[in-house]
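Every chain is numbered from 1, with letters handed out A, B, ... down the list of sequences. Worth knowing before you read on, the calculation uses all heavy atoms, side chains too, and leaves out hydrogens, waters and symmetry mates.
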2 protein chains.
Amino acid sequence: MANRCETCAVRHRSLCGALEQKEVERLSQISRRTTIPAGKAIVAEGDKAVFVANILSGTVKLTRSLEDGRRQIVGLQFPSDFLGRPFRTHWSVQAEAVSEVELCQFDRKQFEQMITDFPTLEQRLLARVLDELDRIREWLFIVGRKTAAERVASLLVMIADREHDAGCGSSLHETVVFDLPISRSEMADCLGLTIETVSRQMSQLTAQGAIDLRNSRSVHIPDLQRLRRIGGLAVDPAAI
Amino acid sequence: MANRCETCAVRHRSLCGALEQKEVERLSQISRRTTIPAGKAIVAEGDKAVFVANILSGTVKLTRSLEDGRRQIVGLQFPSDFLGRPFRTHWSVQAEAVSEVELCQFDRKQFEQMITDFPTLEQRLLARVLDELDRIREWLFIVGRKTAAERVASLLVMIADREHDAGCGSSLHETVVFDLPISRSEMADCLGLTIETVSRQMSQLTAQGAIDLRNSRSVHIPDLQRLRRIGGLAVDPAAI
DNA sequence: CGATCCATTGAGCTTGTTCAAGCAAGGTGG
DNA sequence: CCACCTTGCTTGAACAAGCTCAATGGATCG
């Protein structure tokens, strides 16, 4: 398997998209694919950071929790996202597979060497981390200051955006249909709410006609802009 | 003023600490010092990103807000912290001077060029952004899942930690005295609470003897570990 | 068909908000 | 120097958003 990167589904959207042919080859040599079953922890808070990875498929949640069971999801990651902490010896969050997850792993130290050798890689990583910082700041705002209804609407919009993030500047009043990658309990942990409150808000959004649930996971959004408005979000999709 | 960096108060703690003599000189040439009075906005959400900066003195708050007045502080920055968004054309948050602030500004594009030319600078920046990501994830957890009392205690601990972050591994049960850089209203905006709730919690912490207020800004913490426990934080200072 | 796992719904309660008043410290001007 | 504001903090009482506890409903799976 000289260069499986050539057939990688997320090759161009991921970090690796920055690299030249020759560089990809070197990266390919230190990569290792793994599959993690749904629900399994990938790493725990405090674990030694031995690897970093690109997500090839599936959804990963990053969580922090207290001994008494309170839990907060501090990051949701999707295919092509980068998972890991270069230049850090330990994980500061737990990472868990929400669905079955395929990873393209690299030994952390070797990856750090790659970063040092290939500035384009480092710049792309920096840009990604800055993006993530933006997103989590937005998230902090949502959790800190929005009502339950606004939070749930915001989460749905965010997931809808990230699910088909390819075409971004699409038309107003667009219709979106997608499967929620996460359960009600995980939605609650994202939003700093309880399951029950999330459920009630979902029901209310349904009653208002802002969303339409085929089953509890399958969401139909007839008018994304309207949901954005309910969530108190900028109506301009580019603002994210 | 050939090289004012030599006398820079935050030289070694800031990004620039990574640089060689020759590099510092080049950076020095593109730097410009400015002073911003307390309470004044440095940049607004959506502003063009024309500069980045190191904070030399003072405290900066990063905020996001809704038209109806709801506001959330999504970052507090102190001397030696880096302020700005390299590789981004616009600001995604408002930055405001909490106290009078001195900045060491660089033209964004020139700074980006420096980053590209000096990998050590880029790596140090990356490490900083990763640190900030960690901190804000911790923050999201606090705002999403902790009670008012825990939030206020956590904030006090965080500020105490950052105020005299020099000596970190100091003794248990240590005593700390410091001035709050922020008002009650800003504390509330950090924590997703109201002024009144913050005030009540401060009173309660005082009643419990966990803190001691000379005046509303001057905080005496007789036992930092105890306050950590009240805040539901790990008792190990290194865990941050 | 029961068993299990989520999700939904209801009723009452708690925490933190809202609204309103009071208080202390620091100007300002007569 | 003292009345008068202003500003920021504190405190109280009533209220409401979201939580807790409990019951019910619907899938899916052996």
Whole angstrom value for the distance that separates [atom2] of [N] from [atom1] of [X]:
X: A:Asn215; N: C:dT8; atom1: CG; atom2: P; answer: 10 Å
X: B:Glu150; N: C:dT15; atom1: CD; atom2: P; answer: 12 Å
X: A:Asp189; N: C:dC6; atom1: CG; atom2: P; answer: 13 Å
X: B:Arg184; N: C:dG16; atom1: CZ; atom2: C1'; answer: 18 Å
X: B:Arg145; N: C:dT15; atom1: CZ; atom2: C1'; answer: 15 Å
X: B:Met187; N: D:dC9; atom1: CE; atom2: C1'; answer: 12 Å
X: B:Leu205; N: D:dT11; atom1: CG; atom2: P; answer: 13 Å
X: B:Ile195; N: C:dA20; atom1: CD1; atom2: P; answer: 16 Å

> Any Lys/Arg nitrogen of A:Arg70 or A:Asp189 sitting under 4.0 Å from an Asp/Glu carboxylate oxygen of the other?
Replying inline: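 The answer is no: the pair does not qualify as a salt bridge.
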
>> Can you tell whether the side chains of B:Arg137 and A:Glu132 come within less than 4.0 Å, N to carboxylate O?
In response: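 The answer is yes: the pair qualifies as a salt bridge.
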
>> Could you check whether B:Glu102 and B:Thr35, counting side-chain N and O atoms only, form a donor-acceptor pair closer than 3.5 Å?
In response: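 Side chains of B:Thr35 and B:Glu102: no pair found under 3.5 Å.
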
> Taking the side chain of B:Arg217 as its heavy atoms from C-beta onward, which of C:dA11, D:dC9, D:dT10 lies nearest to it?
Replying inline: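 In terms of side-chain proximity for B:Arg217, the closest of C:dA11, D:dC9, D:dT10 is D:dC9.
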
> Out of C:dT8, C:dA11, D:dG12, which nucleotide sits closest to the side chain of B:Glu196?
Replying inline: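 Nearest to the side chain of B:Glu196 among the choices is D:dG12.
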
> When all nucleic acid strands are considered with a 4.0 Å heavy-atom cut-off, which category describes A:Leu193: base, sugar-phosphate, or nothing?
Replying inline: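 Sugar-phosphate, backbone atoms only, no base.
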
Between [X] and [N], is there a side-chain N or O to OP1/OP2 distance below 4.0 Å?
X: B:Thr194; N: C:dT17; result: yes
X: B:Ser199; N: D:dT10; result: yes
X: B:Thr197; N: C:dT17; result: yes
X: A:Ser216; N: D:dA27; result: no
X: B:Arg200; N: C:dG16; result: no

>> Looking at A:Arg145 and B:Leu193, would you say the former's side chain and the latter's main chain have a donor-acceptor pair under 3.5 Å?
In response: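 A pair under 3.5 Å: yes.
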
>> Which residue is it: B:Glu186, B:Arg184, B:Arg151? I am looking for the one with a side chain to side chain contact (heavy atoms under 4.5 Å, CB included) to B:Val198.
In response: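 Result for side chain to side chain contact (heavy atoms under 4.5 Å, CB included) with B:Val198: B:Arg184.
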
